[in-house]
A.B. asks: 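Here you go, one structure.
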Amino acid sequence: MFCNQCGEKLTLMYADGEGLVPYCKNCGEFRFATFASAVSMVVTNRQKDKILLAKHLGQKDYILFAGYIKKGETAEKAVTREFKEETKLDTVKFKYMSSRYHEPKNVLMFNFLLVAEDGEPVIDTKELEEVRWFPVDEALSYIRLDSTAELFLKNALPELKKI
């Protein structure tokens, strides 16, 4: 680990009330971990009998819709903006579900259950290869096993009728 201000190698030092925290001897300051934040969406239709999944270019597995939260933006605003950008569909309503740190991309994911306006999605083919509605009971079989997407989808399925 290196200081994000001066590039000096960080050492672990005890910070009162925080435990061991990376410390920059050159700057004389503690350097807490930084990471991006993003939203992830389990998308259902108004009837709550289908789940909308996406497949990125060159990928074999379907994924949940997701996107980074922009500076100054709330997670709630990012949910509706990202979904609209990726599908051209409006959001009817959404509910926060849970969060999870996603280590492969160094991002804290905030997951939402989202009800989409009826209609066919229109996708940007520069980013997505395919978007498809799946029956609720089949959606999990298309998501990568032991992934953040699988965890979020499993958590959201019992909540479908409550939203």
A.B. asks: Tyr68 versus Val107: any side-chain heavy-atom pair under 4.5 Å?
C.D. replies: yes

A.B. asks: For the residue pair Gly58 and Glu129, what are the closest heavy atoms and their distance?
C.D. replies: N-OE1, 3.3 Å

A.B. asks: Please find the pair of heavy atoms, one from Leu64 and one from Ala149, that lie closest to each other, and give the distance.
C.D. replies: CD1-O, 3.7 Å

A.B. asks: Can you see whether Ser40 engages Asn111 through a side-chain donor-acceptor pair at a distance of less than 3.5 angstrom?
C.D. replies: yes

A.B. asks: Check Ser98 against Asn155 and note the closest heavy-atom contact, atom names and distance.
C.D. replies: OG-ND2, 4.0 Å

A.B. asks: Look at Lys71 together with Glu73 and state whether they make a salt bridge at an N to O cut-off of under 4.0 Å.
C.D. replies: no

A.B. asks: How far apart are the C-alpha atoms of Phe65 and Thr87, what are their side-chain angles, what is the distance that settles it, and do they pass the side-chain contact (heavy atoms from CB on, under 4.5 Å) test?
C.D. replies: CA-CA 10 Å; Phe65 287 88; Thr87 65; 3.5 Å; yes

A.B. asks: Group every Ile, Leu, Val, Met, Phe, Trp and Tyr by side-chain heavy-atom contacts under 4.5 Å, then state whether Val43 and Leu113 land in the same group.
C.D. replies: no

A.B. asks: Tell me whether the rings of Phe134 and Tyr142 are parallel (<30°), tilted (30 to 60°) or perpendicular (>60°).
C.D. replies: tilted

A.B. asks: Report the residue from Met109, Met97, Met41 that forms a side-chain contact (heavy atoms from CB on, under 4.5 Å) with Phe152.
C.D. replies: Met109

A.B. asks: For Glu150, is there an ion pair with Arg144 - N to carboxylate O distance below 4.0 angstrom?
C.D. replies: no

A.B. asks: Could you tell me which non-hydrogen atom of Leu160 sits nearest to which non-hydrogen atom of Lys48, and how far apart they are?
C.D. replies: O-CD, 3.0 Å

A.B. asks: Please identify each residue that fulfils side chain to side chain donor-acceptor pair (under 3.5 Å) with Asp49, with sequence neighbours left out.
C.D. replies: Asn45

